[in-house]
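Report on the following structure.
By convention in this document, chain letters (A, B, ...) are assigned in the order of the sequence lines, proteins followed by strands, and residues within each chain are numbered from 1. Below, all heavy atoms of this structure are taken into account, side chains as well, without hydrogens, waters or symmetry copies.
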Number of protein chains: 2
Amino acid sequence: MKGNGVERVAARLRHRGRRMTVQRRAVLEALAALGCARDAETIHARARAAYPKLGLVTVYRTLEAFVADGVAHPVFFGDGRVRYDLSEDGGHHHHLVCLSCGRIARVDECHLPPSRRLGRPQGFTVTAHRLELFGYCPRCAPKA
Amino acid sequence: MKGNGVERVAARLRHRGRRMTVQRRAVLEALAALGCARDAETIHARARAAYPKLGLVTVYRTLEAFVADGVAHPVFFGDGRVRYDLSEDGGHHHHLVCLSCGRIARVDECHLPPSRRLGRPQGFTVTAHRLELFGYCPRCAPKA
DNA sequence: TGCTTGTTGAAAACGATTTTCATTGTCGGA
DNA sequence: TCCGACAATGAAAATCGTTTTCAACAAGCA
């Protein structure tokens with residue numbers, strides 16, 4: 001997605017027989033405002049600012065639709081809850097997670113070799129990957 | 001761990017005030033026999049071959065202890081269940097997951113730059129990372 | 001052997017996510 | 001512009017993996 005204008009997303013949804021509703025607009029805006037890797041609960045809280053009646057279930061359903069339509073991506077840190085990123089054109093990005101305060105930072109460069117090399121030894125055709133980095137942010141870093 | 005002999009693991013557990021029990025032995029053997037990235041349910045089923053009375057709860061508790069003591073590592077594929085790998089000396093490994101049949105293969109080489117470079121732009125101190133590759137295994141690969 | 005404490009199993013509790021179902025609202029077409 | 005088909009919604013209940021509770025048990029040191 002190049003620019004995640006509501007119109008652009010609406011068009012993408014409509015293309016699949018889906019509809020753009022006030023609720024989805026609110027979730028989309030929350031997603032854009034919150035930055036990357038937020039969980040459903042957080043997104044729900046934020047989206048309620050725009051549409052107070054919004055239910056958490058609808059947030060889950062909306063995120064599911066967004067993921068299916070390529071509007072958002074799920075992210076997993078292994079703490080038992082799914083986070084979501086708004087998709088952006090020009091590819092994926094990864095995350096740095098602070099093990100102390102939980103802060104999350106984006107990593108735009110991907111230092112991995114091209115997909116086709118990654119699975120070659122095992123004969124796999126790699127189509128996607130997921131990389132998360134864990135450590136300590138500047139604020140929490142053990143001052144050496 | 002160099003060689004995951006029961007004795008070696010027992011020693012490591014005892015070192016932390018833990019005890020080696022029949023149940024833990026069964027889980028350890030199941031873990032070794034099953035290969036990498038298996039979920040608790042699968043490990044439970046396998047371990048029951050050695051100790052039929054084994055409860056699923058005990059498997060969870062044992063895996064938790066193994067992870068805390070560095071005997072095993074948790075792995076997340078994002079399908080809402082945790083998988084476990086026996087730890088091995090000489091470092092971590094990653095996985096190739098077949099999106100069609102679910103087959104899992106190990107990737108021993110890590111093509112990532114050294115940790116200290118990865119978080120530098122954001123000022124993070126990276127201490128660990130997690131990389132999973134998704135795609136299609138030789139059997140499921142779309143023959144080009 | 002005896003005792004201290006970690007461990008176990010079954011049942012119940014949990015928390016995130018999904019489903020059910022009746023109601024509401026979007027949007028393509030008349 | 002109005003209509004109607006059908007996607008979307010909200011609340012409550014259901015799922016599902018995992019964790020906690022609690023009384024009975026057993027590993028390993030004295």
Integer-rounded Å distance: [N] [atom2] and [X] [atom1]:
| X | N | atom1 | atom2 | result |
| --- | --- | --- | --- | --- |
| A:Phe77 | C:dA16 | CZ | P | 16 Å |
| B:Arg12 | C:dG6 | CZ | C1' | 20 Å |
| B:Ile43 | D:dT18 | CD1 | C1' | 14 Å |
| B:Arg38 | D:dG17 | CZ | C1' | 18 Å |
| B:Glu7 | D:dA27 | CD | C1' | 14 Å |
| B:Leu13 | D:dA27 | CG | C1' | 12 Å |
| B:Met20 | D:dG28 | CE | P | 9 Å |
| A:Asp79 | D:dT18 | CG | C1' | 14 Å |

Indicate the atoms forming the closest heavy-atom contact of A:Gln122 with B:Val107, along with that distance.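 Smallest heavy-atom distance, with atoms named: NE2-CA, 3.9 Å.
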Which heavy atom of A:Thr127 sits nearest a heavy atom of B:Gly135, and at what distance?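 Reported closest heavy-atom pair: OG1-CA, 3.6 Å.
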Test of understanding: with salt bridge (charged side-chain N to carboxylate O under 4.0 Å, His left out), list the residues that count as partners of A:Arg25, not counting sequence neighbours.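 None.
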What residues form a salt bridge (charged side-chain N to carboxylate O under 4.0 Å, His left out) with A:Arg106, not counting sequence neighbours?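 Result, salt bridge (charged side-chain N to carboxylate O under 4.0 Å, His left out) vs A:Arg106: A:Glu88, A:Asp108.
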Name each donor-acceptor pair under 3.5 Å that joins a side chain in residues 67-76 of chain A to protein atoms two or more places apart or in another chain, with its distance.
| from | atom 1 | to | atom 2 | distance (Å) |
| --- | --- | --- | --- | --- |
| A:Asp69 | OD1 | A:Arg18 | NE | 3.3 |
| A:Asp69 | OD2 | A:Arg18 | NE | 2.8 |
| A:His73 | NE2 | A:Ser87 | OG | 3.4 |

Counting primed atoms plus P, OP1 and OP2 as sugar-phosphate and everything else as base, spell out the protein contacts along nucleotides 4-12 of chain D at 4.0 Å heavy-atom distance: B, S or - for each nucleotide, 5' to 3'. -BBBSBBBB
Measure the angle between the two terminal helix axes of the helix from C:dT1-D:dA30 to C:dA30-D:dT1, five base pairs each, and quote it to 10°.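 It comes to 30° between the two terminal axes.
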When you measure from the side chain of B:Arg83 to the backbone N and O of B:Cys36, does any donor-acceptor pair fall under 3.5 Å?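 No; zero donor-acceptor contacts below 3.5 Å.
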Applying ring-ring contact (aromatic ring centres under 6.0 Å, His included), which residue pairs with at least one partner in residues 80-108 of chain A are found, sequence neighbours left out?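 Residue pairs with at least one partner in residues 80-108 of chain A: A:Phe77-A:His95, A:His92-A:His94, A:His92-A:His129, A:His93-A:His95, A:His94-A:His129.
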Using a cut-off of strictly less than 4.0 Å, decide whether B:Tyr60 has a side-chain nitrogen or oxygen near OP1 or OP2 of D:dT18.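 Indeed, a polar side-chain atom of B:Tyr60 lies that close.
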How about A:Glu109 and B:Pro121: do any of their side-chain heavy atoms sit closer than 4.5 Å?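 Counting from C-beta outward, A:Glu109 and B:Pro121 do come under 4.5 Å.
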Any non-hydrogen side-chain atom of B:Leu31 less than 4.5 Å from a side-chain atom of B:Leu63?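 Counting from C-beta outward, B:Leu31 and B:Leu63 do come under 4.5 Å.
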